Amino acid sequence: MFGANVRRLRRASRITKTDFAKRCGVGRPYLDKVEHGKANPTLEYLGRFAAALDVDPLYLLTPQSPLGSGGDAGLAPFCGVANPVSTRGGDTDCG
């Protein structure tokens with residue numbers, strides 16, 4: 001699930017694998033393994049991937065509907081995330 005979410009969001013952002021690997025501080029072969037579910041990244045790498053995609057780390061661990069299908073709207077209640085694809089401008093009134 002993590003790798004599929006990373007791949008989907010990377011592609012939606014039109015970031016090449018090479019550029020994305022550089023942003024995350026990993027090698028391209030490792031990124032390939034992550035995106036294909038053949039590697040289990042540590043929490044440190046989870047944070048790096050989330051930061052590079054500008055999403056909450058929890059978003060990468062949650063089953064998602066394809067972008068544009070309207071299925072991501074159910075994630076809006078996550079604290080600090082108004083738009084689950086972006087952590088900027090999120091709801092800071094969490095209780």
Side-chain angles (χ1 to χ4, degrees):
M1 178 177 350
F2 173 77
N5 286 336
V6 168
R7 181 175 56 247
R8 181 177 54 81
L9 291 174
R10 178 188 57 77
R11 286 178 176 173
S13 299
R14 298 183 182 208
I15 305 168
T16 66
K17 283 186 178 183
T18 301
D19 288 341
F20 188 70
K22 287 179 186 177
R23 287 184 190 186
C24 296
V26 300
R28 167 99 189 258
Y30 181 71
L31 175 60
D32 286 337
K33 288 179 183 178
V34 168
E35 286 192 353
H36 289 81
K38 297 181 180 181
N40 293 313
T42 64
L43 291 176
E44 176 186 348
Y45 286 112
L46 169 64
R48 288 183 188 191
F49 282 87
L53 291 166
D54 193 25
V55 295
D56 186 290
L58 183 59
Y59 186 77
L60 295 177
L61 300 173
T62 307
Q64 307 298 317
S65 299
L67 287 176
S69 70
D72 291 333
L75 292 176
F78 282 132
C79 183
V81 183
N83 174 355
V85 181
S86 175
T87 56
R88 294 189 179 141
D91 178 9
T92 57
D93 185 27
C94 296

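These numbers were taken from a predicted model, which means no experiment stands behind them. Numbers here are sequence positions counted from 1. We use all heavy atoms of the structure for the numbers below, so side chains are in, but hydrogens, waters and symmetry mates are not.
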Taking side-chain contact (heavy atoms from CB on, under 4.5 Å) as the definition, give me every residue that meets it alongside Thr16, ordered by chain and number, with sequence neighbours left out. Thr18, Asp19

Closest non-hydrogen contact found for Asp56 with Ala50 is C-CB, 4.2 Å

Taking all non-hydrogen atoms of both residues, which atom of Arg48 and which atom of Gly25 are closest, and how far apart? NH1-O, 3.3 Å

Exercise: identify the closest heavy-atom pair between Asn5 and Thr62: ND2-O, 2.9 Å

For atom NZ of Lys22, decide whether the heavy atoms of other residues, nucleotides or ligands shown that lie under 6.0 angstrom number more than 12. no

Output the distance between atom CG (Leu53) and atom OH (Tyr59), rounded to the nearest 0.5 Å. 10.0 Å

With sequence neighbours excluded, what pairs up with Arg10 under the side chain to side chain donor-acceptor pair (under 3.5 Å) test? Glu35

Pair up each side-chain donor or acceptor in residues 36-43 with any protein partner under 3.5 Å, not counting sequence neighbours, and list the distances.
unit_1: His36; atom_1: ND1; unit_2: Asp32; atom_2: O; d: 2.8
unit_1: Thr42; atom_1: OG1; unit_2: Glu44; atom_2: N; d: 3.4
unit_1: Thr42; atom_1: OG1; unit_2: Tyr45; atom_2: N; d: 3.4

Within a reach of under 6.0 Å around CZ of Arg28, are more than 12 heavy atoms found that belong to other residues, nucleotides or ligands? yes

Would you list the pairs meeting ring-ring contact (aromatic ring centres under 6.0 Å, His included) in which at least one residue belongs to residues 6-26, sequence neighbours left out? Phe20-Phe49

Ala52 and Cys24: which non-hydrogen atoms are nearest, and at how many Å? CB-SG, 3.7 Å

Applying side-chain contact (heavy atoms from CB on, under 4.5 Å), name anything that partners Leu61, two or more places apart in sequence or on another chain. Phe2, Leu46

